[in-house]
Amino acid sequence: MTDDNPAVQSAVRKATIRLLPFLGLMLILNFLDRSNVGFAKTAYQADTGISDAAYAFGAGILYLGYATFEVPSNLIMQRVGARLWLSRIMITWGIVSACMVFAHTATSYYIVRFLLGVCEAGFYPGVLLYLTYWFPAKQRARATGLFYLGVPLSLVIGAPLSGWLLTHHDVLGLTNWQWMFAVEGLAATVVGIFALFFLTSRPREAKWLTDEEKNALTAVIEAEERGKLSEVKHSVFSVLKDWRVLAFIGIYLFIQIGVGPITFYLPARLAQAMGGGINTWVGVLLGLPWFCALIATRIFTVYADKHDNHRIVCISMLTIGTLALATIGLTMNPWVMVIAACIAVPGLASSQPVFWSLPTRYLGGVGAASGIAFIVSLGNLGSFASPQIKAYVDATTGNGDVGFYILAGCCFLSVILLVALGSHRRWIADAEPTVGGSRSR
């Protein structure tokens, strides 16, 4: 059975229509609840008196919770099924995100942000693993790209929404930032409850596929898994002895270091450049770079799938995005800043679904569950490190611009690692023996 079989194509088309828009909605809320602290920064610090250093630590500590529980979460999902586990993740993170309403001290802020990371752990790698159950390798970057549209959409929609919510004071006795966290957090919980009834764990369980479609798609996916496992086998932890997996972790980590200042500092920087606070207009301008990323994600994932040159596309996007990130630190002109962000965000954010086609075509079985989770969990430590690096550099130099240059330099290390990684066509041929597995053919 091949992936160009009409029954397979029909099943993939139905899965695309049925699953990807809803998974995208889940990601919109996931990224919004993770990054909305950047929009609330000015008002939150003004009300609570939390310092810049405390803000930076709390912004990043979420990713320590991620790193701790990412791998166990993915392994649990393999056992209990994607429908139940992804729904559980979403319901709990929404409740915890809404609890930012009560975070009036640095300590409570740290606790809520850490618990948010614990509850969110496993969502992103879980969906990446989930997509391997439904989409053959040659169509996976496109599917991942459609799912990943949720990230730019979260800011295209979420930036104006957050700005608008922050203009509302004393709603139900809440301050503007409390109201924003309550609305955006509880929205995730509602969607998580609905996911319990909407998602389907595997093709064989899909009542919306015909028997022929179920069997054809399952046969293709299982054949791909057998092919990967016959060439390079990994146990849960042996993936960390594979230098390619370590390279994937490093690439993802340095990308997240680059995305960090865009997520946590660009909103306040743009508002400062425009001489005011975060409002609906600033939110609209902040949504523009993510709208560009929306378009870029679709264009470049389709292009990379068509030409099977994911690594080269990723290198090009990251190089351009890194240069644009450094440019943001060079200017306080709001329009130049927005233009630079319209290049940096597509380069650094839209490159990620292209990147994910590399590890998912290499890893299979338990190695896929643990490997993807390790890449996300350890790579996301870059999102923890990014605000800490910027806060330290800014405090040391007394210059709020230098941190952008340093973080852009760190991000460029992802390009160097991608170049060193070489073509995926050599990975299997050159693969070394791994613990708990066999030598490649």
Side-chain angles (χ1 to χ4, degrees), residues 30-42 44-45 48 50-70 73 93 96-97 99-100 103 105-125 151 154-155 162 177 181 184-185 249-269 325 328-329 344-345 348-349 352 373-397 400 402-411 413-414:
N30 176 255
F31 198 81
L32 184 59
D33 284 337
R34 183 189 310 179
S35 62
N36 56 10
V37 69
F39 293 98
K41 180 179 184 295
T42 303
Y44 181 61
Q45 286 185 269
T48 61
I50 289 175
S51 68
D52 285 343
Y55 167 79
F57 184 74
I61 199 173
L62 173 147
Y63 298 97
L64 293 183
Y66 248 80
T68 304
F69 293 96
E70 208 81 290
S73 181
W93 103 51
V96 171
S97 181
C99 285
M100 272 296 293
T105 65
T107 300
S108 58
Y109 171 50
Y110 300 156
I111 291 171
V112 171
R113 290 289 292 178
F114 179 78
L115 289 177
L116 181 60
V118 171
C119 291
E120 285 189 12
F123 173 73
Y124 189 65
V151 173
S154 72
L155 277 302
S162 296
W177 59 268
F181 283 122
E184 294 176 355
I249 291 171
I251 292 164
Y252 195 64
L253 181 143
F254 291 124
I255 293 173
Q256 299 315 306
I257 286 178
V259 173
I262 294 171
T263 303
F264 299 124
Y265 289 97
L266 181 59
R269 185 176 178 85
L325 174 63
I328 293 174
V345 173
L348 302 183
Q352 293 184 50
F374 274 124
I375 293 167
V376 175
S377 61
L378 298 180
N380 264 327
L381 291 177
S383 296
F384 170 74
S386 185
Q388 317 313 314
I389 294 170
K390 189 175 186 309
Y392 175 77
V393 171
D394 290 353
T396 302
T397 63
V402 179
F404 280 92
Y405 313 147
I406 299 297
L407 295 176
C410 292
C411 187
L413 294 175
S414 63

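Only a predicted model underlies this, so the values are computations on that prediction, with no experimental measurement involved. Heavy-atom basis, side chains included; hydrogens, waters and symmetry copies ignored.
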Quiz prompt | side-chain contact (heavy atoms from CB on, under 4.5 Å) evaluation trace for T48 with T105 | solution = CA-CA 7 Å; T48 61; T105 65; over 6 Å; no
Quiz item: Should W177 and Q45 count as side-chain neighbours, where that means a heavy-atom distance under 4.5 Å?
Solution: no
Quiz item: Checking side-chain contact (heavy atoms from CB on, under 4.5 Å) for the pair E120/F69: CA distance, chi angles, key distance, verdict?
Solution: CA-CA 9 Å; E120 285 189 12; F69 293 96; over 6 Å; no
Quiz item: Taking all non-hydrogen atoms of both residues, which atom of Y265 and which atom of A56 are closest, and how far apart?
Solution: OH-CB, 3.6 Å
Self-check item: pair P261-L325: side-chain heavy atoms closer than 4.5 Å
Solution: yes
Quiz item: Heavy-atom distance under 4.5 Å between the side chains of L253 and L378, does that happen here?
Solution: no
Self-check item: For V96, the option from D33, V112, I111 that meets side chain to side chain contact (heavy atoms under 4.5 Å, CB included)
Solution: V112
Quiz item: Quick one: CG on L32 to OG on S154, what's the gap to the nearest 0.5 Å?
Solution: 6.0 Å
Practice problem: Check for a donor-acceptor pair, side chain of R113 on one end and backbone N or O of G58 on the other, with a separation under 3.5 Å. | Solution: yes
Quiz item: Looking only at heavy atoms, which two atoms of S108 and A103 are closest? And how far apart?
Solution: OG-CA, 3.3 Å
Quiz item: Can you tell me if S97 and E184 form a side-chain donor-acceptor pair at under 3.5 Å?
Solution: no
Quiz item: Roughly how far apart are F39 CZ and F181 CZ, rounded to 0.5 Å?
Solution: 11.0 Å
Quiz item: Are side-chain heavy atoms of L407 and I389 found at a separation under 4.5 Å?
Solution: yes
Quiz item: Heavy-atom distance under 4.5 Å between the side chains of M100 and N36, does that happen here?
Solution: no
Exercise. Could you tell me whether the side chains of N30 and W93 share a donor-acceptor contact shorter than 3.5 Å?
Key: no
Quiz item: So, Y109 versus Y44, ring centres under 6.0 angstrom or not?
Solution: yes
Practice problem: Quick one: sort the F57 and F384 rings into parallel, tilted or perpendicular, breaks at 30° and 60°. | Solution: perpendicular
Practice problem: State the CD1-CZ distance between I262 and F404, to the nearest 0.5 angstrom. | Solution: 8.5 Å
Quiz item: Cut-off 3.5 Å, side chains only: do S383 and S386 have a donor facing an acceptor?
Solution: no
Quiz item: What are the two closest non-hydrogen atoms of I328 and A344, and how far apart are they?
Solution: CD1-CB, 4.4 Å
Practice problem: Using a strict cut-off of less than 4.0 Å between a Lys/Arg side-chain nitrogen and an Asp/Glu carboxylate oxygen, indicate whether D52 and K390 qualify as a salt bridge. | Solution: no
Quiz prompt | Interatomic distance, I375 atom CD1 to Y124 atom OH [nearest 0.5 angstrom] | solution = 11.0 Å
Quiz item: Are L381 and Q256 close enough that some pair of their side-chain heavy atoms sits under 4.5 Å apart?
Solution: no
Self-check item: Heavy-atom pair with the smallest gap, counting every atom of G403 and V393
Solution: N-CG1, 3.8 Å
Quiz item: Would you say I257 and F254 make side-chain contact, with heavy atoms under 4.5 Å?
Solution: yes
Quiz item: What closest approach, in Å, do A106 and A54 show between heavy atoms, and which atom pair accounts for it?
Solution: CB-CB, 4.4 Å
Quiz prompt | CG on N380 to CG on L64, rounded to 0.5 Å | solution = 10.5 Å
